[in-house]
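What follows is a short report on a single structure.
As the structure is a prediction and not an experimental result, all values here were calculated from the model. First listed ligand is number 1; within each ligand, the first listed atom is number 1. Keep in mind that the numbers below use all heavy atoms, side chains included, and drop hydrogens, waters and symmetry copies.
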Amino acid sequence: MKILVTGGTGYIGSHTVLELLEAGMEVAVVDNLCNSSEESLKRVEQITGKKAVFYPVDIRDEDGMRDVFLKEQPYAVIHFAGLKAVGESVEIPLKYYDNNIGGTLTLLHIMKEVGCKNIVFSSSATVYGNPASVPIREDFPTSATNPYGRTKLMIENILRDLYRSDDSWNIILLRYFNPIGAHESGMIGEDPAGIPNNLLPYVAKVAVGKLEKVHVFGNDYNTPDGTGVRDYIHVVDLAKGHIKAIEKIVKTEEAENGKAGALGLKVYNLGTGNGYSVLDIVAAFSKACGKELPYVIDPRRAGDIDMCYADPALAKEELGWSAEYDLDRMCADTWRWQSRNPDGYATK
Ligand code: NAD
Ligand code: UD1
């Protein structure tokens with residue numbers, strides 16, 4: 001079985017390509033390398049001894065995408081390709097709408113044209129906005145407060161409309177909480193350009209001496225220690241969730257004698273169900289790297305919320321998936337990647 005992975009050289013994409021190959025699937029990757037390096041796939045090949053076919057194509061390139069689909073004839077698409085920086089999306093919203101929405105529309109046009117109607121989409125817990133309570137279930141109301149989040153919500157709605165118009169599609173929306181960690185080999189991991197916006201890559205750069213100290217954004221939140229609480233999930237657990245999603249489509253179709261669209265449209269949270277604060281993260285990472293990491297308390301970051309963690313029960317019940325790795329393991333694996341690759345994939 002062949003799976004086409006858009007955005008497959010990126011952070012979550014490369015870990016998912018690895019798990020797909022390990023599960024015995026064939027993999028084709030499409031990525032325009034705007035936020036990643038082909039080196040990630042070379043390392044996946046070194047780890048697994050198996051190779052994914054790579055196409056350096058932009059998902060907005062209709063002819064290029066058609067060629068890939070006609071050549072590869074995938075059973076399903078896992079769609080990671082997109083821009084993901086919240087602050088940048090506020091500054092250059094048109095680029096985000098063009099890339100994320102335009103790219104997804106082109107992808108869906110081609111999928112429809114060639115009759116590939118199985119898709120797993122990377123959504124985000126950001127679609128829950130500021131939730132009224134935690135843990136967050138899939139049926140909670142959705143909203144968005146920035147262009148990045150709006151692209152995720154819009155794509156979810158585009159996929160719902162598509163399904164309403166044609167029930168021979170199988171569509172799985174996976175809402176990720178906060179992915180961190182790296183493959184245990186220390187050979188692939190998150191490699192953000194410039195100064196990281198997200199907490200874990202920032203903390204890792206402090207640990208490796210590339211940044212001076214952690215800036216804790218606010219200690220007056222309504223949380224046990226006053227700092228923001230999130231549901232951090234190991235990227236390998238997240239990647240495995242995608243394998244389970246593909247298997248769910250296959251098994252449901254088989255159970256219904258190959259009926260196209262047997263599964264329909266489903267939404268799952270991928271999180272651990274545990275909430276950790278910024279100070280918990282600083283403490284866990286200090287333990288992982290063997291030194292106390294310096295931090296200062298700064299003002300809140302605009303748009304941040306108190307608490308966000310998943311109710312992951314639905315994914316457990318229907319996909320047979322639950323997260324296995326704890327916070328110490330997430331930090332240890334991040335540290336292994338960061339300490340061995342202080343400059344990410346550019347490390348000599
Ligand atoms: P990433 O930037 O590492 O990966 C995204 C990949 O998509 C990159 O390799 C980039 O080059 C590629 N890409 C972007 N636009 C493209 C285009 N037009 N054509 C072809 N390739 C293109 O990000 P990631 O962290 O691996 O995230 C993957 C997906 O998961 C994204 O859609 C992101 O919004 C979503 N997501 C990420 C997080 C997170 O915290 N990392 C959380 C929730 C959801
Ligand atoms: C951010 C995005 C969200 C996206 C998610 C995963 C924002 C506002 N939200 O979520 O849309 O889905 O990443 O990519 O950017 N923190 C610090 N110091 C730092 C960085 C972060 O204290 O240097 C704190 C934050 O206030 C927050 C927690 O750490 O409480 C996690 O922050 P971050 O890693 O940026 O993720 P989110 O804000 O949860």
Side-chain angles (χ1 to χ4, degrees), residues 5-16 29-38 40-41 55-61 64-65 78-90 95-96 98-100 102-104 106-107 121-129 144-146 148-149 151-152 155 174-180 189-193 195-203 205-206 211 213-219 221 223 227-233 235 238-239 270 275-282 295-309:
V5 181
T6 75
T9 55
Y11 172 47
I12 308 171
S14 56
H15 286 82
T16 303
V29 169
V30 170
D31 201 302
N32 67 357
L33 302 176
C34 69
N35 194 40
S36 56
S37 148
E38 202 185 332
S40 62
L41 290 187
Y55 294 91
V57 172
D58 191 302
I59 58 165
R60 291 166 295 180
D61 170 2
M65 290 298 282
I78 303 181
H79 178 32
F80 292 109
L83 302 174
K84 63 163 186 176
V86 173
E88 188 185 64
S89 81
V90 175
K95 188 170 173 192
Y96 272 67
D98 177 55
N99 194 78
N100 295 6
T104 302
T106 304
L107 171 71
F121 171 62
S122 299
S123 190
S124 166
T126 193
V127 302
Y128 294 115
T145 53
N146 56 67
Y148 165 72
T151 67
K152 290 292 170 198
I155 294 169
L174 297 179
R175 294 177 177 160
Y176 314 153
F177 282 70
N178 290 53
I180 64 169
E190 186 170 16
D191 184 19
I195 296 178
N197 296 309
N198 295 119
L199 180 63
L200 250 291
Y202 199 103
V203 169
K205 293 249 180 216
V206 172
L211 292 168
K213 55 186 174 234
V214 180
H215 294 262
V216 178
F217 296 154
N219 65 352
Y221 284 104
T223 61
T227 67
V229 166
R230 297 291 182 274
D231 186 338
Y232 297 94
I233 172 168
V235 66
L238 194 66
L270 294 185
Y276 288 103
S277 74
V278 178
L279 294 180
D280 289 336
I281 294 290
V282 173
Y295 67 87
V296 282
I297 307 292
D298 276 6
R300 291 181 177 203
R301 179 172 68 181
D304 278 354
I305 58 176
D306 300 309
M307 277 211 247
C308 173
Y309 57 89

Among [options], which one has a heavy atom closest to [atom]?
atom                    : options                      : result
atom 26 (O) of ligand 1 : Thr104, Ile12, Asn32, Thr6   : Ile12
atom 30 (O) of ligand 2 : Arg230, Glu88, Arg300        : Arg230
atom 29 (O) of ligand 2 : Val203, Asp298, Val278       : Val278
atom 25 (O) of ligand 1 : Glu38, Lys84, Met65          : Lys84
atom 6 (C) of ligand 1  : Ala125, Gly7, Ala193         : Gly7
atom 30 (O) of ligand 1 : Tyr55, Tyr176, Tyr11, Phe177 : Tyr176

What residue and atom, counting heavy atoms only, is the protein's closest point to [atom], and at what distance?
atom                    : result
atom 15 (N) of ligand 1 : Asn99 ND2, 3.0 Å
atom 34 (O) of ligand 1 : Tyr148 OH, 2.8 Å
atom 19 (C) of ligand 2 : Phe217 CE1, 3.2 Å
atom 32 (O) of ligand 2 : Arg301 NH2, 3.5 Å
atom 9 (N) of ligand 2  : Val86 CG2, 3.6 Å
atom 2 (O) of ligand 1  : Asn35 ND2, 2.7 Å
atom 5 (C) of ligand 1  : Gly82 O, 3.8 Å
atom 19 (N) of ligand 1 : Ile59 N, 3.0 Å
atom 18 (N) of ligand 2 : His215 O, 2.7 Å
atom 26 (O) of ligand 2 : Asp304 OD2, 2.6 Å
atom 4 (O) of ligand 1  : Gly10 CA, 3.6 Å
atom 29 (C) of ligand 1 : Phe80 O, 3.3 Å
atom 10 (O) of ligand 2 : Asn178 ND2, 4.1 Å

Is the backbone of [Y] close enough, under 3.5 Å, to the side chain of [X] for a donor and an acceptor to pair up by distance?
X      : Y      : value
Ser124 : Arg175 : no
Thr227 : Ser277 : no
Asn100 : Lys152 : no
Tyr148 : Gly87  : no
Asn32  : Cys34  : yes
Tyr55  : Met65  : no

Region of Asn198 that comes within reach of ligand 2 [heavy atoms, distance under 4.0 Å]
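Both parts.
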Just verifying a value: how many Å separate Arg230 CZ and Ile305 CD1, rounded to the nearest 0.5 Å?
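Rounded to the nearest 0.5 Å, the CZ-CD1 separation comes to 5.0 Å.
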Which atoms of ligand 1 sit under 4.0 Å from any heavy atom of [X]?
X      : answer
Thr9   : 9 (O)
Ser122 : 29 (C), 30 (O), 32 (O), 35 (C)
Ser123 : 43 (C), 44 (C)
Cys34  : 10 (C), 11 (O), 13 (N), 14 (C), 15 (N)
Pro179 : 38 (C), 39 (C), 40 (O), 41 (N), 42 (C)
Leu33  : 11 (O)

Hey, is [X] one of the residues with a heavy atom under 4.0 angstrom from ligand 1?
X      : answer
Gly103 : no
Val57  : yes
Asp31  : yes
Pro192 : no
Arg175 : no
Val30  : no

Quick one: does Ser124 get a heavy atom under 4.0 Å from ligand 2?
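Yes, Ser124 has a heavy atom closer than 4.0 Å to ligand 2.
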Give a yes/no on ligand 2: does Tyr232 have at least one heavy atom closer than 4.0 angstrom to it?
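Yes, Tyr232 has a heavy atom closer than 4.0 Å to ligand 2.
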For Asn197, counting its heavy atoms only, list the atoms of ligand 2 lying under 4.0 Å from any of them.
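Those of ligand 2 that fall under 4.0 Å from Asn197 are 20 (C), 35 (O).
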Against heavy atoms of Val216, which atoms of ligand 2 measure under 4.0 Å?
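Reading through ligand 2 atom by atom, the close ones are 22 (O).
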[X] and [Y]: which non-hydrogen atoms are nearest, and at how many Å?
X      : Y      : answer
Leu238 : Pro179 : CD2-CB, 3.7 Å
Lys205 : Pro196 : CG-CG, 4.1 Å
Asp231 : Phe177 : O-CB, 3.4 Å
Thr6   : Ala81  : OG1-N, 3.0 Å
Ile59  : Val30  : CG2-CG1, 4.0 Å

Evaluate the criterion side-chain contact (heavy atoms from CB on, under 4.5 Å) for residue pair Leu199 and Ile281; output intermediate values, then yes/no.
CA-CA 9 Å; Leu199 180 63; Ile281 294 290; 3.9 Å; yes
Show the numbers, then the answer: is there a side-chain contact (heavy atoms from CB on, under 4.5 Å) between Val278 and Phe217?
CA-CA 9 Å; Val278 178; Phe217 296 154; over 6 Å; no
Could you check whether the rings of Phe121 and His79 sit parallel, tilted or perpendicular, using 30° and 60° as the cut-offs?
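Ring orientation of Phe121 relative to His79: tilted.
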List the steps and the verdict of side-chain contact (heavy atoms from CB on, under 4.5 Å) for Tyr202 and Leu211.
CA-CA 8 Å; Tyr202 199 103; Leu211 292 168; 3.7 Å; yes
Pair Val86, Asn197 - check side-chain contact (heavy atoms from CB on, under 4.5 Å), show working.
CA-CA 9 Å; Val86 173; Asn197 296 309; over 6 Å; no
N/O separation below 3.5 Å, Leu199 to ligand 2:
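Min N/O separation from ligand 2 is below 3.5 Å for Leu199.
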Hey, is ligand 2 close enough to Pro179 that some N/O pair sits below 3.5 Å?
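No - when backbone and side-chain N and O of Pro179 are compared with those of ligand 2, no distance drops under 3.5 Å.
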Measuring only between side-chain heavy atoms, which start at C-beta, is Tyr295 closer than 4.5 Å to Leu279?
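Result yes, sub-4.5 Å side-chain heavy-atom pair found.
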Passing candidate, side chain to side chain donor-acceptor pair (under 3.5 Å) with Thr9, options Ser40, Ser37, Ser14, Ser36:
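Result: among Ser40, Ser37, Ser14, Ser36, Ser36 is the only option passing the side chain to side chain donor-acceptor pair (under 3.5 Å) with Thr9.
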